[in-house]
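Taking it in order: structure first as structure tokens, then the write-up.
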Amino acid sequence: RGKRAFIAGVADDNGYGWAIAKALAAAGAEILVGTWVPALNIFETSLRRGKFDESRKLPDGSLMDIVKVYPLDAVYDCPEDVPEDVKLNKRYAGSSNWTVKEVAETVKNDFGSIDILVHSLANGPEVTKPLLETSRRGYLAAISASSYSYVSLLQHFLPIMNPGGASISLTYIASERAIPGYGGGMSSAKAALESDTRVLAFEAGRKGKIRVNTISAGPLGSRAAKAIGFIEKMIEYSYVNAPLQKELLADEVGNTAAFLVSPLASAITGSTVYVDNGLNTMGLAV
Ligand code: NAD
């Protein structure tokens with residue numbers, strides 16, 4: 001039987017989530033995605049109208065099949081957590097069962113189990129503000145959407161993950177080196193995500209024989225990255241300073257993800273794996 005993957009954080013064909021979905025599909029996995037509720041409508045419409053057909057093309061010429069798109073808001077664990085104004089919001093009221101617990105239950109009812117869980121989402125409402133100017137609310141929102149969302153997803157999906165399965169998330173070097181511009185507590189959120197990767201690897205390894213790793217990716221001009229405002233500068237900086245002077249392709253992160261969740265990586269867990277043209281190894285900009 002082929003493997004089944006749930007990829008949280010796909011809402012267009014530009015980001016790392018999409019590239020990971022494609023790499024897993026190319027390796028024969030069945031693809032389920034979780035899409036942020038406010039982005040669901042346009043994503044499903046675009047899919048249906050064939051807007052992504054060109055980028056759905058796999059190396060063998062076939063088109064990636066997304067078996068099912070689940071609405072998801074990973075800052076809410078269960079219906080009791082959802083505030084009234086969100087419940088009544090038109091975009092949210094139009095979908096149902098989008099809290100983490102409900103999505104895991106729905107996937108279980110639909111398919112029984114999964115083998116691969118991917119977390120490719122982040123959000124920091126104050127990301128453009130320096131940490132010194134970040135509010136408590138903004139900081140906690142960044143941690144909630146970008147770090148706890150992963151704890152919650154793994155917590156709820158682990159019971160339906162087949163032993164031998166694997167999970168990955170996406171992180172960024174701002175967790176361990178100061179990157180001016182990556183503010184709002186997002187650097188803190190990535191530091192938490194990397195630390196949690198080690199603890200969750202232990203716990204999920206012992207509890208469910210599941211491996212947990214995170215990919216520290218270089219800069220990519222995704223929708224989320226464009227919202228930060230300095231992504232073009234970071235891409236240029238990387239091009240000039242990294243050991244490998246080439247564009248970083250989302251597919252290169254996708255391929256690493258496919259490796260990390262495959263049996264080829266059967267002894268790798270708790271690791272932060274850099275896919276950044278080597279930029280993290282440099283100590284001096286040249
Ligand atoms: P992206 O826009 O493709 O992905 C982010 C996704 O998160 C979007 O689809 C968005 O709808 C979703 N999302 C936001 N809040 C959510 C919520 N509460 N519940 C569910 N989904 C939610 O952008 P991306 O850059 O590919 O981001 C994917 C991951 O890669 C993130 O963790 C990001 O921090 C990480 N990353 C990105 C870069 C980069 O330069 N783009 C570098 C390193 C790491």
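Remember, it's a predicted structure, so these values are computed and weren't measured experimentally. Both counts, for ligands and for their atoms, begin at 1 and track the order of listing.
- Taking Tyr239 as the reference, nothing meets the side-chain hydrogen bond (donor to acceptor under 3.5 Å, both in side chains) condition, with sequence neighbours excluded.
- Distances between N or O atoms of Thr171 and those of ligand 1 include no value under 3.5 Å.
- The side chain of Asn123, and not its backbone, has at least one atom closer than 4.0 Å to an atom of ligand 1 (non-hydrogen atoms only; side chain from C-beta on).
- Looking at Ser271, its side chain never comes within 3.5 Å of a backbone N or O of Val273 through a donor-acceptor pair.
- Atoms of ligand 1 found under 4.0 Å from any heavy atom of Asp73 (numbered from 1 in listed order, with element): 17 (C), 18 (N), 19 (N).
- For atom 26 (O) of ligand 1, the nearest non-hydrogen atom of the protein is Tyr16 N, 2.8 Å.
- If you check which protein heavy atom lies closest to atom 30 (O) of ligand 1, you get Leu170 CB, 3.3 Å.
- The CE atom of Met282 lies 12.5 Å from the CZ atom of Arg177; values are rounded to the nearest 0.5 Å.
- Interface atoms of ligand 1 facing Ala74, defined by a heavy-atom separation under 4.0 Å, are 17 (C), 18 (N), 19 (N), 20 (C).
- Among protein heavy atoms, atom 1 (P) of ligand 1 sits closest to Ala224 CB, 3.9 Å.
- Contacts between Ile231 and ligand 1 below 4.0 angstrom, taking non-hydrogen atoms only, involve the side chain exclusively.
- For the pair Ala145 and ligand 1, no heavy-atom separation below 4.0 Å is found.
- Ranked by closest heavy atom to atom 12 (C) of ligand 1, the top entry among Leu220, Leu121, Val33 is Leu121.
- Between Phe6 and Phe157, the ring planes lie parallel to each other; the angle is under 30°, not in the 30° to 60° tilted range.
- When heavy-atom distances to ligand 1 are checked against a 4.0 Å cut-off, Met234 has no atom that comes that close, whether in backbone or side chain.
- Residue Leu72 approaches ligand 1 through these ligand atoms, each under 4.0 Å from one of its heavy atoms: 19 (N), 20 (C).
- Scanning the protein for heavy atoms near atom 14 (C) of ligand 1, the closest one is Ala122 O, 3.6 Å.
- Considering backbone and side-chain N/O atoms, Asn14 never comes within less than 3.5 Å of an N/O atom of ligand 1.
- Annotation: salt bridge (charged side-chain N to carboxylate O under 4.0 Å, His left out) contacts of Lys226 (sequence neighbours excluded): none.
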- Which is it for Asp12 and Trp18 under the side chain to side chain donor-acceptor pair (under 3.5 Å) test, yes or no, and what are the steps along the way? CA-CA 7 Å; Asp12 60 40; Trp18 177 271; over 6 Å; no
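- Atom NZ of Lys3 has more than 12 neighbouring heavy atoms from other residues, nucleotides or ligands inside a 6.0 Å radius.
- Each of the atoms 2 (O) of ligand 1 lies under 4.0 Å from some heavy atom of Arg223.
- Between Tyr70 and the options Asp110, Thr35, Asn97, a side-chain hydrogen bond (donor to acceptor under 3.5 Å, both in side chains) holds for only Asp110.
- Atom CG of Asn41 has 12 or fewer heavy atoms from other residues, nucleotides or ligands within 6.0 Å.
- Compare Ser120, Ala250, Gly124, Ala189 by their heavy atoms: the one nearest to atom 27 (O) of ligand 1 is in Ser120.
- Close N/O approach between Met186 and ligand 1 is not found [any backbone or side-chain N/O within under 3.5 Å].
- Here the heavy atom of the protein found nearest to atom 11 (O) of ligand 1 is Trp36 CB, 3.3 Å.
- Both the backbone and the side chain of Ala11 come within 4.0 Å of ligand 1, judged by heavy-atom distances.
- For the atom pair CD1 of Ile173 and OG1 of Thr272, the computed distance is 9.5 Å after rounding to the nearest 0.5 Å.
- Of the possible donor and acceptor atoms, one in the side chain of Glu126 sits under 3.5 Å from a partner among the backbone N and O of Ser135.
- Remark: of the listed residues Ser149, Ser167, Ser169, Ser152, Ser149 is the sole one forming a side-chain hydrogen bond (donor to acceptor under 3.5 Å, both in side chains) with His119.
- Taking every non-hydrogen atom of Ala217 and a distance limit under 4.0 Å, the qualifying atoms of ligand 1 come out as 42 (C), 43 (C).
- Considering backbone and side-chain N/O atoms, Tyr172 never comes within less than 3.5 Å of an N/O atom of ligand 1.
- Annotation for ligand 1: atoms under 4.0 Å from non-hydrogen atoms of Pro219 are 40 (O).
- Atom 3 (O) of ligand 1 has as its closest protein heavy atom Gly15 CA, 3.2 Å.
- On a distance-only criterion, Lys190 and ligand 1 share at least one N/O pair closer than 3.5 Å.
- Residue Leu248 holds its CG atom at 7.0 Å from OG of Ser238, rounded to the nearest 0.5 Å.
- Heavy-atom proximity to atom 23 (O) of ligand 1, evaluated over Ala225, Ser222, Ser149, is greatest for Ser222.
- Residue Phe111 holds its CZ atom at 11.0 Å from OG1 of Thr106, rounded to the nearest 0.5 Å.
- Heavy-atom separations between Gly218 and ligand 1 include at least one value shorter than 4.0 Å.
- Atoms CG and CZ, from Leu63 and Arg56 in turn, are 4.5 Å apart once rounded to the nearest 0.5 Å.
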